[in-house]
Amino acid sequence: MKLIIGNYYENIKCENFKDPETGRIRVRPLDGQNLPTNIVIECSKSERESHPTGTKFITENVKVCKKSDG
């Protein structure tokens, strides 16, 4: 599936994980949803770090964006 910038996706199953490159806690979609699992879902730092690494949860909605630096 190709993600289109500006589109919204609802009820994404995801998990938080420790990014080996940055050492930061990040959020990514879980497999089996027709979404790439190598993308990062942005949310507040307090939300990412308030649960143990590997916690699975469902988002309300996610907007596809691309940062200006890549």
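Just so it is clear, the structure is predicted and the values come from calculations on it, not from any experiment.
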Closest non-hydrogen atom pair between [X] and [Y], with its separation:
| X | Y | answer |
| --- | --- | --- |
| Cys14 | Thr59 | SG-CG2, 3.4 Å |
| Pro29 | Pro36 | CG-O, 3.5 Å |
| Lys18 | Thr53 | N-CG2, 3.8 Å |

If you measure from [atom1] on [X] to [atom2] on [Y], what distance do you get to the nearest 0.5 Å?
| X | Y | atom1 | atom2 | value |
| --- | --- | --- | --- | --- |
| Ser50 | Lys45 | OG | NZ | 12.5 Å |
| Asp31 | Glu15 | CG | CD | 10.0 Å |
| Glu49 | Arg26 | CD | CZ | 11.0 Å |
| Ile25 | Asn16 | CD1 | CG | 6.0 Å |
| Phe57 | His51 | CZ | NE2 | 7.0 Å |

Do we get Arg28 above Phe17's six-membered ring, with its NZ or CZ under 6.0 Å from the centre and within 45° of the axis?
yes
Measure the shortest side-chain to side-chain distance between [X] and [Y] over non-hydrogen atoms and say whether it is less than 4.5 angstrom.
| X | Y | value |
| --- | --- | --- |
| Val27 | Arg48 | yes |
| Ile12 | Leu35 | yes |
| Tyr9 | Leu3 | yes |

For residues Ile41 and Leu30: do they belong to one hydrophobic cluster (side chain heavy atoms under 4.5 Å, members Ile, Leu, Val, Met, Phe, Trp, Tyr)?
no
Applying a strict under-4.5 Å side-chain criterion to I, L, V, M, F, W and Y, I'd like to know whether Val62 and Ile39 cluster together.
yes
Look at atom CD of Glu42 and say whether more than 12 heavy atoms of other residues, nucleotides or ligands are closer to it than 6.0 Å.
no
Please assess Lys13 against Gln33 for the test side-chain contact (heavy atoms from CB on, under 4.5 Å), listing each intermediate value before the final yes or no.
CA-CA 8 Å; Lys13 296 175 188 171; Gln33 302 180 92; 3.4 Å; yes
